[in-house]
Engineer: 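Structure incoming, see below.
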Amino acid sequence: MVTAITDGVKVSVETVYQPEYSNPVNEHFMFAYRVEISNLSEYAVQLMRRQWFIFDSNSSRREVEGEGVVGLQPVIQPGETHVYVSGCNLKTDMGSMRGAYLMKRLMDESEFEVGIPEFQLIAPYKLN
């Protein structure tokens with residue numbers, strides 16, 4: 001698990017390779033990732049947008065950007081955590097992701113960016 005804290009918002013990510021949804025012969029490697037977003041600040045925040053940079057080990061790069069996460073723009077109260085699971089497919093059995101969330105403080109509507117730490121996507125057989 002990797003973790004980063006920006007402006008009182010803690011983001012932790014862990015990944016799992018999904019062989020049942022992968023097809024290596026066709027260069028399709030599926031990974032799931034679980035994200036915990038904890039509000040360590042004293043103000044309620046809302047996750048407005050996400051931006052991901054996805055890298056394959058063959059040097060290809062993709063960018064994914066949009067509103068919220070898995071169809072939600074969650075409000076996270078002080079001391080609370082929002083957890084979601086999503087997935088990513090790669091053309092190689094190794095890669096990485098990193099990104100940022102655009103958050104809004106509800107008390108004054110100010111927006112700020114929260115970094116998502118870079119994490120590795122590696123099929124377990126590559127580690128042996």
Side-chain angles (χ1 to χ4, degrees):
M1 180 181 289
V2 297
T3 299
I5 300 173
T6 309
D7 287 337
V9 178
K10 177 180 167 184
V11 178
S12 300
V13 184
E14 60 184 337
T15 64
V16 176
Y17 176 63
Q18 303 206 291
E20 64 276 16
Y21 298 109
S22 298
N23 187 337
V25 172
N26 291 325
E27 299 181 329
H28 182 80
F29 301 87
M30 192 68 199
F31 296 85
Y33 55 91
R34 180 179 182 272
V35 180
E36 290 183 15
I37 305 167
S38 300
N39 184 356
L40 307 178
S41 78
E42 54 191 64
Y43 308 106
V45 297
Q46 183 173 16
L47 192 158
M48 304 305 294
R49 302 188 68 75
R50 73 189 180 290
Q51 180 179 30
W52 289 105
F53 297 100
I54 305 165
F55 303 91
D56 282 319
S57 61
N58 64 3
S59 297
S60 69
R61 174 184 173 227
R62 290 180 285 157
E63 183 177 344
V64 177
E65 195 270 337
E67 289 188 357
V69 290
V70 293
L72 301 173
Q73 291 181 312
V75 171
I76 309 168
Q77 297 294 331
E80 292 187 352
T81 298
H82 178 77
V83 178
Y84 72 94
V85 176
S86 191
C88 175
N89 66 304
L90 299 179
K91 291 187 176 291
T92 61
D93 54 8
M94 291 186 353
S96 65
M97 290 177 65
R98 63 177 167 81
Y101 296 123
L102 178 64
M103 307 290 280
K104 178 169 59 174
R105 282 185 195 87
L106 297 185
M107 73 170 230
D108 63 4
E109 302 289 310
S110 63
E111 293 185 336
F112 62 103
E113 191 172 280
V114 171
I116 304 168
E118 184 167 5
F119 55 94
Q120 303 301 308
L121 303 165
I122 302 172
Y125 61 82
K126 291 298 280 189
L127 299 175
N128 293 331

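Remember, predicted model here, so these are calculated numbers, not experimental data. Throughout, numbering of the chain's residues begins at 1 and tracks the sequence.
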Engineer: At what distance, to the nearest 0.5 angstrom, does OG1 of Thr3 lie from NZ of Lys10?
Structural biologist: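 One finds 5.5 Å between OG1 of Thr3 and NZ of Lys10.
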Engineer: To the nearest 0.5 angstrom, please state how far the CD atom of Glu109 sits from the CD atom of Gln46.
Structural biologist: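 Output value for this atom pair is 8.5 Å.
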Engineer: Ile116, Val70: one ILVMFWY side-chain cluster at the under-4.5 Å cut-off?
Structural biologist: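 They do share one cluster, since a chain of ILVMFWY contacts under 4.5 Å joins Ile116 to Val70.
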Engineer: Please determine whether side-chain contact (heavy atoms from CB on, under 4.5 Å) holds for the pair Val35 and Tyr101, giving the CA-CA distance in whole Å, both sets of side-chain angles, and the decisive distance to 0.1 Å.
Structural biologist: CA-CA 12 Å; Val35 180; Tyr101 296 123; 3.4 Å; yes
Engineer: Apply side-chain contact (heavy atoms from CB on, under 4.5 Å) to Ile76 and Ile37, showing your working.
Structural biologist: CA-CA 8 Å; Ile76 309 168; Ile37 305 167; 3.6 Å; yes
Engineer: By the side-chain hydrogen bond (donor to acceptor under 3.5 Å, both in side chains) test, which pairs, at least two apart or in different chains, include something from residues 62-74?
Structural biologist: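 Every pair satisfying side-chain hydrogen bond (donor to acceptor under 3.5 Å, both in side chains) with a residue in residues 62-74: Arg49-Glu65, Gln51-Glu63.
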Engineer: Going by ring pair (Phe, Tyr, Trp, His ring centres under 6.0 Å), name the pairs with one or both residues in residues 45-99, residues two or more places apart or in two chains.
Structural biologist: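 Qualifying pairs, neighbours excluded: Tyr33-Trp52, Trp52-Phe119.
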Engineer: Quick check: closest heavy atoms across Ser38 and Thr81, and the distance to 0.1 Å?
Structural biologist: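 Heavy atoms only, the tightest pair is OG-OG1, 2.8 Å.
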Engineer: So how far is it from Glu27 CD to Ser22 OG, rounded to the nearest 0.5 Å?
Structural biologist: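 Separation between the atoms: 13.0 Å.
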Engineer: Which of these passes side-chain contact (heavy atoms from CB on, under 4.5 Å) with Lys104: Asp108, Leu106, Leu102?
Structural biologist: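 Output: one option passes, namely Leu106.
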Engineer: To the nearest 0.5 Å, what is the distance between OG (Ser41) and CE (Met103)?
Structural biologist: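 With rounding to 0.5 Å, OG (Ser41) is 8.5 Å from CE (Met103).
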Engineer: First locate atom CZ of Arg105, then atom CD of Glu111, and finally report the distance between them rounded to the nearest 0.5 Å.
Structural biologist: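 Nearest 0.5 Å value for the CZ-CD distance: 10.5 Å.
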Engineer: So, Thr92 side chain and Ser57 main chain: donor-acceptor pair closer than 3.5 Å or not?
Structural biologist: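 Judged by distance alone, yes, a pair lies under 3.5 Å.
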Engineer: Surrounding OH of Tyr21 (heavy atoms of other residues, nucleotides or ligands, distance under 6.0 Å), is the total greater than 12?
Structural biologist: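 It does not: Tyr21 OH has 12 such atoms or fewer within range.
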Engineer: Quick check against the 3.5 Å criterion: does Asn58 have a side-chain atom that pairs as donor or acceptor with the backbone of Ser60?
Structural biologist: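 Checked: pair present.
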Engineer: Quick one: do Val2 and Leu121 end up in the same hydrophobic cluster if we chain Ile, Leu, Val, Met, Phe, Trp and Tyr together by side-chain heavy atoms under 4.5 Å apart?
Structural biologist: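 Yes; tracing contacts between hydrophobic side chains, which count when under 4.5 Å, links both residues.
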Engineer: If every non-hydrogen atom of Gly115 is compared with every non-hydrogen atom of Thr6, which pair is closest and at what distance?
Structural biologist: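 So the minimum-distance heavy-atom pair works out to N-OG1, 3.3 Å.
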Engineer: Search all heavy atoms of Cys88 against all heavy atoms of Leu90 and return the closest pair with its distance.
Structural biologist: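 In terms of heavy atoms, the two residues are closest at SG-CD2, 4.0 Å.
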Engineer: What residues form a ring-ring contact (aromatic ring centres under 6.0 Å, His included) with Phe31, not counting sequence neighbours?
Structural biologist: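 By the ring-ring contact (aromatic ring centres under 6.0 Å, His included) rule, Phe31 matches Tyr17.
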Engineer: Is Thr15 close to Gln120 at the side-chain level, that is, under 4.5 Å between some pair of heavy atoms?
Structural biologist: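 Side-chain contact under 4.5 Å: no.
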Engineer: Ignoring hydrogens, what is the shortest heavy-atom contact between Met1 and Ser12? Give both atom names and the distance.
Structural biologist: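 Scanning both residues, the minimum pair turns out to be SD-CB, 3.6 Å.
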Engineer: Dump the intermediate steps for side-chain contact (heavy atoms from CB on, under 4.5 Å) on Val45 and Phe112, then the final yes or no.
Structural biologist: CA-CA 10 Å; Val45 297; Phe112 62 103; 4.0 Å; yes
Engineer: On a heavy-atom basis, which atom in Val69 and which in Pro74 lie closest, and how many Å separate them?
Structural biologist: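 Heavy atoms only, the tightest pair is CG2-CD, 4.3 Å.
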Engineer: With a 3.5 Å cut-off and no angle check, do the side chains of Ser96 and Glu118 form a donor-acceptor pair?
Structural biologist: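 Note: Ser96 and Glu118 side chains meet the donor-acceptor criterion.
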Engineer: What distance do Glu80 atom CD and Leu40 atom CG have between them, rounded to the nearest 0.5 Å?
Structural biologist: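 So the gap between those two atoms works out to 12.5 Å.
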